[in-house]
Peer 1: 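Mind looking over this structure? Questions follow.
Given the structure is predicted, the values throughout are model-derived calculations rather than measurements. Chain A is the first sequence line, chain B the second, and so forth, proteins listed ahead of strands; every chain is numbered from 1.
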Amino acid sequence: LPAAVLLKDTKLMDVKLGQLGSWLAMRDFTPGGIMGAVRRGYDRYYNKYINVRKGGLGGISMVLAGYVVLSYAWSYSHVKHDRRRKYH
Amino acid sequence: VLHATRPLHTSQQSLAPLPPLPEKGGEVRHGLIPEEFFQFLYPKTGVTGPYMLGTGLLLYLLSKEIYVINHETVAAACILTVIVYAVKKFGPGVAAFADKLNEEKMATALAMKNEAIQTLQTAIEEEKKEQWRAEGHGYLFDAKRNNVAMLLEANYRERLLTVYSEVKKRLDYQVAMQTLKRQKEQEHMVQWVEKSVVQSITPQQQKESIAKCILDLKALSKSARAAV
């Protein structure tokens, strides 16, 4: 029966909202597991957007945009002082 | 020893031949947002949903000053304008150049593969030809065998001839011996008869025969003179 799939094996998009906590708790948080997850994510992104015959601009521009957002988030405590209003 | 508690090689995957690379990457709209996001929101909000979401997010960030407008914003705006202009203008040129590089790589690889196939084909042809030649060796050996048989035959006949001539020589010798003996006997007998006859001629008989001869001669000369 397709409904008898273990929670461990479901993908993130198929997890119901109520099961999200238990699903997160079941993930592999060892250093090996984290490295594995990073590797898988990198492979997925690489094989979808970069490792193709006619790659486009979107491949690297998404990475750069992510870098921009991340660096803004890290420097927010410094940027905070340029705000025009103190209370929002 | 392999303790296999799980089945091995259950999938059809193998390392070769590699599947070809996909032609185009995942679709990205405006160079920043993957198409899957738009498709994800389409059933619920239609075409304008993601843009509404984007506008609302932007206004929220600006109003709450989570995104602060300062000198860096101006710098970012200028840089982005330049980048967008450059991409729009030089994009197709760079893409064509990269495609040409790729084409060359593919062409060299394909040429190598074709060359390898060609060499193997010619090797197969050569091999077949060698096999055909090996068949011809049979004929060669037959001819050589014939030659040898002929040599043997000729030698045998030569020797037969030698034997025949030798035997003939021996027999001729015997015949010659016999004729020689007979000849000698005959000669000897003749000589012995002559000797005995000469011995038996007495002097008296000699005188009588000489006188008879003179008388005969005179008679003959007379008849001859008469004839002339």
Side-chain angles (χ1 to χ4, degrees), chain A residues 2 5-6 8-17 20 23 28 32 36-88, chain B residues 18-40 54 57-77 79-80 83-103 105-106:
Chain A
V5 177
L6 293 172
K8 186 162 81 85
D9 291 331
T10 55
K11 298 167 135 186
L12 180 55
M13 301 307 270
D14 297 331
V15 169
K16 303 272 189 279
L17 214 55
L20 193 60
W23 186 86
D28 187 7
V38 168
R39 183 83 212 157
R40 280 198 306 272
Y42 172 80
D43 280 344
R44 264 182 66 184
Y45 184 81
Y46 181 76
N47 285 328
K48 182 148 188 225
Y49 291 106
I50 302 189
N51 198 13
V52 293
R53 286 240 180 99
K54 294 163 79 67
L57 187 62
I60 38 161
S61 81
M62 279 199 283
V63 176
L64 287 176
Y67 168 71
V68 163
V69 169
L70 209 60
S71 69
Y72 184 84
W74 283 338
S75 66
Y76 184 68
S77 54
H78 177 78
V79 174
K80 221 167 28 173
H81 302 302
D82 291 334
R83 281 194 293 194
R84 303 190 121 220
R85 298 273 184 275
K86 195 165 145 196
Y87 299 107
H88 295 98
Chain B
L18 276 180
L21 282 180
E23 269 296 317
K24 299 178 76 65
E27 279 286 321
V28 171
R29 219 192 265 205
H30 304 299
L32 279 180
I33 307 158
E35 191 67 32
E36 279 86 11
F37 184 65
F38 291 82
Q39 298 303 323
F40 178 63
L57 258 179
L58 192 60
L59 287 175
Y60 166 69
L61 291 175
L62 282 173
S63 77
K64 283 285 192 189
E65 281 205 298
I66 297 178
Y67 178 68
V68 177
I69 301 211
N70 51 7
H71 60 286
E72 284 176 17
T73 314
V74 180
I79 293 176
L80 275 177
I83 287 181
V84 166
Y85 174 74
V87 162
K88 284 274 191 288
K89 191 138 168 140
F90 302 116
V94 171
F97 177 71
D99 281 345
K100 196 156 70 76
L101 287 179
N102 250 4
E103 273 307 303
K105 275 193 228 166
M106 287 280 292

Peer 1: Pick whichever of B:A98, B:G91, B:P34 has the most heavy-atom pairs under 4.5 Å with chain A.
Peer 2: B:P34
Peer 1: In Å, rounded to the nearest 0.5 Å, how long is the span from NZ of A:K86 to CD of B:E65?
Peer 2: 13.5 Å
Peer 1: Distance check, rounded to the nearest 0.5 Å: A:R83 atom CZ versus B:N70 atom CG?
Peer 2: 12.0 Å
Peer 1: What closest approach, in Å, do B:V68 and A:V79 show between heavy atoms, and which atom pair accounts for it?
Peer 2: CB-CG1, 3.6 Å
Peer 1: What is the minimum heavy-atom distance between A:Y72 and B:Y67, and which atoms define it?
Peer 2: OH-CA, 3.2 Å
Peer 1: At their closest point, which heavy atom of A:R53 faces which heavy atom of B:N102, and how far apart are they?
Peer 2: O-ND2, 3.7 Å
Peer 1: B:L32 and A:A65: which non-hydrogen atoms are nearest, and at how many Å?
Peer 2: CD2-CB, 3.4 Å
Peer 1: Do other residues, nucleotides or ligands put more than 12 heavy atoms under 6.0 Å from the OH atom of B:Y60?
Peer 2: no
Peer 1: How long is the gap from CD on B:E27 to OH on A:Y49, to the nearest 0.5 Å?
Peer 2: 9.0 Å
Peer 1: Look up atom NZ in A:K54 and atom NZ in B:K24, then write down how far apart they are to the nearest 0.5 Å.
Peer 2: 6.0 Å
Peer 1: When only pairs under 4.5 Å are counted, which of B:I66, B:I69, B:V28 shares the most heavy-atom pairs with chain A?
Peer 2: B:I66
Peer 1: Within a 6.0 Å radius of atom NE2 on A:H78, are there more than 12 heavy atoms belonging to other residues, nucleotides or ligands?
Peer 2: no
